[in-house]
Amino acid sequence: MPMAQAQKLAPALLVLPPDFEAYSQASDQVMAILEDLSPLVEQVSVDEAFIDVSDLPDDPGVIAARLQARINQETRLPCSLGVAANKLVAKVANDYGKGSRKGLDYPNAITVVPPGEEAAFLAPLPVQMLWGVGKKTAARLKTLGIETIGQLADAPAGLLGAHYGKWAADMQRHARGISDSPIVLSHTLKSISNETTYDKDIGDIDEVLHTVRWLSDKVGYRLRKHHFCAGTIRIKLRWSDFTTITRQVALAEPTNHNSVIYDTAAGLLRAAWQRGRKVRLIGVGSSNLQEPAVQMSLFDPGQDKETKLLNALDELREKYGKKVIQRGREVGRQSAFEEEEEE
DNA sequence: TCTGGGGTCCTAGGACCC
DNA sequence: TCTGGGGTCCTAGGACCC
């Protein structure tokens, strides 16, 4: 495969300060360094990214060493890198390097897996290091006598297929270090949600509804900030015994209005409510995100008014801080924005 | 640890339509 | 009218990841 010639790095930053601002600043700084090297950067999370350096003239191991030195110097932060022909192996290589440097100092490892040696590199490692294999799957594989990635690669296809169906073939390809998942330059948001866990379990539905209102405001604010409307609203409810349910409903018309989100979520909560049971966690979520239609509701001028009002409030919130603005009917309860630390 | 928060993807079943 | 197949959408829940 000609693709196997491509070399990709998966740098993972380990950022130490438990201080959010420093955290995201450092993240931006590192991403800028990566983009300076190549435009083919995929940011996976605040502290992880893939970069495709296959078009650069130098040896990928050398590039990695230079990159790490630059990050160390410019951000004063350690970082670990994995180098391999595809993202999957680069990720495992990076995790492996980080893990083996645990202890004295913060991981600042570089692990290179040369093309063609993917399967051999992976073989002795525990299956759980494979992307997509977590605790549950690892435990099930163990009952089949499979504990290392190599054993997974060599397992009879029929045996795996019987237990994992379609997923079995993918899992086995991954175990052999084969993956063609491309670098994705920008990820589009699929859902936006907020949830909260109570200090003590709550048996009063009004109190939970109060929280739902607050969470709905947060979700609405974030939807508007990202210029999205949601086609589906969802609640997540964890009872005191830790059983968790979700309830969702598709809207007739997508929205990013706090009031519509709240009314929908409150309806779902009332329908799912069981008197006598107590709640540990409540969440409000939105999905099926889409761009707002230009002519929202021709026949509902009230909605248009609400849009304008919300936009005005959002602007004031951004300008003067979170505490200033509360709608009249909301006064007396905690604003969703008092402790907002949104990017 | 008696269990934080915000995401993604996959599967399965039911409703509905042709 | 009944039966069945197949496609699609929606909902619920599980597993996993950072």
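Proteins get letters first, then strands, A, B, ... in listed order; numbering begins at 1 in each.
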message = For the P atoms, the ones on B:dC2 and on C:dC18, what distance do you get once it is rounded to whole angstrom?
response =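 One P to the other, the span is 25 Å.
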request  = In whole angstrom, give me the gap between the C1' atoms of B:dC16 and C:dG4.
outcome  =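 It works out to 15 Å between them.
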Could you tell me how far apart [X] ([atom1]) and [N] ([atom2]) are, to the nearest whole angstrom?
X: A:D199; N: B:dC2; atom1: CG; atom2: P; answer: 15 Å
X: A:L281; N: B:dC2; atom1: CG; atom2: P; answer: 18 Å
X: A:E195; N: B:dT3; atom1: CD; atom2: P; answer: 15 Å
X: A:Y221; N: B:dG6; atom1: OH; atom2: P; answer: 15 Å
X: A:L223; N: B:dG6; atom1: CG; atom2: P; answer: 14 Å
X: A:Y198; N: B:dG5; atom1: OH; atom2: P; answer: 11 Å
X: A:R238; N: B:dG4; atom1: CZ; atom2: P; answer: 8 Å
X: A:R234; N: B:dT8; atom1: CZ; atom2: C1'; answer: 11 Å

query = What pairs of residues pass the salt bridge (Lys or Arg N to Asp or Glu O under 4.0 Å) test when at least one of them lies in residues 134-159 of chain A, not counting sequence neighbours?
reply =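 Listed once each, the pairs would be none.
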Set of residues satisfying side-chain contact (heavy atoms from CB on, under 4.5 Å) with respect to [X], sequence neighbours excluded:
X: A:R277; result: A:W239, A:D241, A:T243, A:Q274
X: A:W131; result: A:L88, A:K91
X: A:T148; result: A:Q151

task = Could you please name the option among B:dG5, B:dT3, B:dT8 that lies closest to any side-chain atom of A:R280?
result =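 My answer, after comparing the listed nucleotides, is B:dT3.
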message = Closest approach to the side chain of A:K190, judged atom by atom: which nucleotide of B:dT8, B:dG6, B:dT3 is it?
response =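 Closest nucleotide among those given: B:dT8.
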Side-chain donor-acceptor pairs under 3.5 Å in residues 36-44 of chain A, sequence neighbours left out?
from	atom 1	to	atom 2	distance (Å)
A:D36	OD2	A:R70	NH1	2.9
A:D36	OD2	A:R70	NH2	3.1
A:S38	OG	A:L40	N	3.0
A:S38	OG	A:D52	O	3.3
A:E42	OE1	A:K87	NZ	2.7
A:E42	OE1	A:V184	N	2.8
A:E42	OE2	A:K87	NZ	3.3
A:E42	OE2	A:H187	NE2	3.1
A:Q43	NE2	A:S45	O	3.2

Side-chain N,O ([X]) to OP1/OP2 ([N]) below 4.0 Å:
X: A:T196; N: B:dG4; result: no
X: A:N194; N: B:dG5; result: no
X: A:S191; N: B:dT8; result: yes

Could you list the protein-to-nucleotides 11-18 of chain C atom pairs, N/O on both sides, closer than 3.5 Å?
from	atom 1	to	atom 2	distance (Å)
C:dT11	OP1	A:A250	N	3.0
C:dT11	OP2	A:A250	N	3.2
C:dA12	OP2	A:Q248	N	2.5
C:dA12	OP2	A:Q248	O	3.3
C:dG13	OP2	A:T246	N	3.0
C:dG13	OP2	A:T246	O	3.1
C:dG13	OP2	A:R247	NH1	2.9
C:dC16	OP1	A:G134	N	3.1
C:dC16	OP1	A:T137	N	2.8
C:dC16	OP1	A:T137	OG1	2.3
C:dC16	OP2	A:K136	N	3.1
C:dC17	OP1	A:G132	N	3.2
C:dC17	OP1	A:V133	O	3.4
C:dC18	OP1	A:K91	NZ	2.5
C:dC18	O3'	A:S45	OG	2.6
C:dC18	O3'	A:D47	OD1	3.3

inquiry  = Is there a side-chain hydrogen bond (donor to acceptor under 3.5 Å, both in side chains) between A:N288 and A:R234? Walk through the geometry before answering.
reply    = CA-CA 11 Å; A:N288 190 6; A:R234 178 179 71 244; over 6 Å; no
task = Check the side chains of A:N108 and A:N72 for a donor-acceptor pair under 3.5 angstrom, ignoring hydrogens and angles.
result =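 A:N108 and A:N72 do have a side-chain donor-acceptor pair below 3.5 Å.
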query = Among side-chain atoms of A:T137 and A:Y164, is any donor-acceptor pair under 3.5 angstrom?
reply =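 No pair is found: no donor N or O on one side chain lies under 3.5 Å from an acceptor on the other.
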ask   = Under the ring-ring contact (aromatic ring centres under 6.0 Å, His included) test, which residues partner A:F121, sequence neighbours left out?
value =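 By the ring-ring contact (aromatic ring centres under 6.0 Å, His included) rule, A:F121 matches A:Y96.
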inquiry  = Show me, range against range, the stems involving DNA chain C, built from at least 3 consecutive Watson-Crick or G-U pairs below 3.5 Å.
reply    =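 Listed by first number, the stems are B:5-18 with C:5-18.
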Using atom types as modelled, flag every donor-acceptor pair under 3.5 Å from a side chain in residues 244-252 of chain A to any protein atom, sequence neighbours excluded.
from	atom 1	to	atom 2	distance (Å)
A:T244	OG1	A:R238	NH1	3.1
A:T244	OG1	A:F242	O	3.2

